[in-house]
Protein chains: 2
Amino acid sequence: MTVSERGPRERMVFSAAQLIRRGGVAAAGMRDVAAHAGAPRGSLQHYFPGGKEQLVNEAVAWAGRYAADRVARFLAAMPEPSPSGLFSAMAQQWIDEFRAAGFAGGCPVAAATVDCAEAAESTRTAAADAFARWSRPVAEALRDMGVPRERAGSLATLMISALEGAILIARSERDVRALTTVTRELGPLLDGCAAPQEPAR
Amino acid sequence: MTVSERGPRERMVFSAAQLIRRGGVAAAGMRDVAAHAGAPRGSLQHYFPGGKEQLVNEAVAWAGRYAADRVARFLAAMPEPSPSGLFSAMAQQWIDEFRAAGFAGGCPVAAATVDCAEAAESTRTAAADAFARWSRPVAEALRDMGVPRERAGSLATLMISALEGAILIARSERDVRALTTVTRELGPLLDGCAAPQEPAR
DNA sequence: CGCGGACTATGACAGTCGTCATAGTAGACG
DNA sequence: CGTCTACTATGACGACTGTCATAGTCCGCG
C-alpha cells in the first residue's frame with residue numbers, strides 16, 4: 001500500500017486514487033491531491049497538462065493494475081489454487097482493510113465510474129480498461145484451475161461484480177457482513193465449475 | 001418512472017435521485033434539482049430545511065422504496081416464481097433501461113454511498129437502510145420459494161451485490177454484457193438452493 | 001376586509017473548485 | 001560564465017457551489 005518512495009508523479013497518482021476512494025472524484029480536489037502526496041502544487045500542471053481528467057484517468061488505471069497484481073500475488077501464495085480460494089482472498093483483502101483502517105474508502109474504479117461515466121468519456125473508458133485488466137488474470141487463473149475456457153471470463157465478471165457490490169453494501173453498513181456472506185455463498189458455485197474438470201485428468 | 005404529477009416536493013426528491021444517478025451527488029446541484037423538477041428554487045429551503053443532505057437522504061430512501069416495489073411487482077407478474085426468475089427480472093430492468101435510455105444513470109444508492117459514506121453519516125445510514133429495504137422483499141420471496149430461512153438473507157445480499165457490481169461494469173463498458181453474464185451464471189446457483197426444498201412437499 | 005401561514009422570488013454571501021499566467025529556482029551541459 | 005530545460009511557487013481568475021436574508025405573492029379563514 002504505502003510505497004511512498006517513488007517519484008513525485010507516481011505519488012500524486014497514488015494520492016489521487018486514495019482520495020477518490022474516500023469521497024468520490026469531486027471530493028478529491030487538486031490541491032488536496034498535491035498536499036496528500038507531499039508534492040508541490042505547481043507540479044500538477046507540469047506532470048498532468050491534461051488537467052484533472054488526466055490525473056483521474058491515471059489513478060483509475062493505477063487501481064486496475066494494482067488489483068491485477070494482487071490477484072497474481074494471491075495465486076502465487078496459494079498452495080492449492082481453487083476458484084473459491086481466489087475469491088475468498090480477494091474479498092478477504094477488503095475485509096482486512098475495513099477492519100484495520102475503517103470503512104473510509106471503497107474502490108476507486110467504482111467511484112470514478114459513478115462520478116464520471118457520463119461526463120468524461122475518457123474516464124469511462126479508463127474505468128472499463130481497469131475492470132478488464134483486473135478480470136483478465138482472474139479468468140486466466142480460473143482456466144488453469146480447470147474451468148472451461150468459455151466460462152472463465154463469465155465467472156471472472158461475476159466475481160468482480162459480486163465483490164464490487166459487496167464493497168458498496170459493506171461501506172454503507174460499516175460492516176463486513178456483505179463481504180463474508182458473498183464469499184460464503186459464491187464459493188461453492190465457483191468450485192463447482194472447476195471440479196468436474198480437474199479430477200478428470 | 002415518470003410519475004410527473006405529484007406534489008412539487010416529491011418531484012424534487014425524484015429529480016434529485018435522477019441527477020445523483022447520472023453524475024454522483026456532487027454533480028447534482030441544488031439549482032439543477034429545482035430546474036429538473038420544474039420547481040421554484042425558493043422551495044428547496046422550504047421543503048428541505050436540512051439542506052442538501054436531507055434532500056440526498058430522501059432521494060436515497062425513495063430509491064430504496066422504489067427498488068423494493070419493483071421486486072414486489074416482478075413477483076406478482078411471475079406465474080411460477082423462481083429465484084433465478086426474480087434475479088433475471090431485476091437485471092432485465094436495468095438491461096432494458098440501458099438499451100432504451102443509454103448508460104447515463106446508475107444506481108443512486110451506490111452513488112450516494114460512494115460520494116457520502118465517509119463525509120455524511122446520515123447519508124451513509126440512509127443508503128444502508130435503502131439496501132436493507134430492497135433486500136427484505138427479495139429474501140422473503142426466496143423463503144416462499146423454498147429457500148431455507150437462514151440462507152434467504154444471504155442469497156438476497158449476493159443477488160444485490162452482483163447486480164450492483166454488474167451495473168457498474170455495464171456503465172463503464174457501455175454494454176449490458178456484465179448484466180447478462182451475471183444473470184446467466186448466477187441463475188442456476190440460485191435455483192439450486194430452492195429446488196431441494198420445494199419438490200419435497 | 002384583514003390577518004396569517006404556506007409558498008415563492010431573488011440577490012448576496014463566503015467558500016471552493018480547476019485552471020492559468022507569470023515568475024522563479026536548480027542543475028546539467030557547453 | 002551563459003543558457004537551456006525541468007521543475008516549482010504563487011497569486012489571480014471566473015465559474016461554480018450550498019446557504020441565507022429579505023421581500024414578495026397567494027389563498028383560506030375569521
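Computed over heavy atoms, backbone and side chain alike; hydrogens, waters and symmetry mates excluded.
- Put simply, CZ on B:Arg31 is 10 Å from P on D:dC16, counting in whole angstrom units.
- Atom-to-atom, NZ of A:Lys52 to P of C:dT16 comes out at 15 Å; the value is rounded to the nearest Å.
- The distance from atom CZ of A:Phe48 to atom C1' of C:dC20 is 18 Å, rounded to the nearest whole Å.
- Among the atoms of the strands shown, none is found under 4.0 Å from any heavy atom of A:Ala27.
- Heavy atoms only, all atoms of each residue included: B:Ala91 and B:Leu163 are closest at CA-CD1, 3.9 Å.
- When the P atom of C:dG18 is taken as reference, atom CG of A:Leu19 falls 11 Å away, rounded to whole Å.
- The aromatic rings of B:Phe98 and B:Trp94 lie tilted to each other, with the angle between the two planes from 30° to 60°.
- In this structure, A:Arg124 places its CZ atom where more than 12 heavy-atom neighbours from other residues, nucleotides or ligands lie under 6.0 Å away.
- Here C:dC7 is the nucleotide among C:dG18, C:dC7, D:dA9 with the atom lying nearest to any side-chain atom of B:Tyr47.
- Rounding to whole angstrom units, CG of residue B:Leu44 and P of D:dG18 are separated by 10 Å.
- A:Gln45 places its CD atom 17 Å from the P atom of D:dC13, with the value rounded to the nearest Å.
- No hydrogens or angles were tested; on distance alone, a donor-acceptor pair under 3.5 Å links the side chain of A:Arg41 to the base of D:dG11.
- Residue B:Ala39 is classed as having no contact, given no heavy-atom separation below 4.0 Å to the nucleic acid.
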| Stepwise salt bridge (Lys or Arg N to Asp or Glu O under 4.0 Å) check, B:Arg143 with B:Glu150 | CA-CA 9 Å; B:Arg143 281 215 319 273; B:Glu150 64 273 14; over 6 Å; no
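- Rounded to whole Å, the distance from CD1 on B:Ile20 to C1' on D:dT17 is 15 Å.
- Rounded to whole angstrom, the span from the NE2 atom of B:His46 across to the P atom of C:dT10 amounts to 17 Å.
- With the nearest nucleotide of DNA chain D identified for both A:Met12 and B:Glu53, A:Met12 has the one nearer the 5' end.
- Side-chain proximity of A:Asp32 to the nucleotides D:dG18, C:dC17, D:dT8 is greatest for C:dC17.
- No donor-acceptor pair closer than 3.5 Å links the side chain of B:Lys52 to the backbone N or O of B:Gly29.
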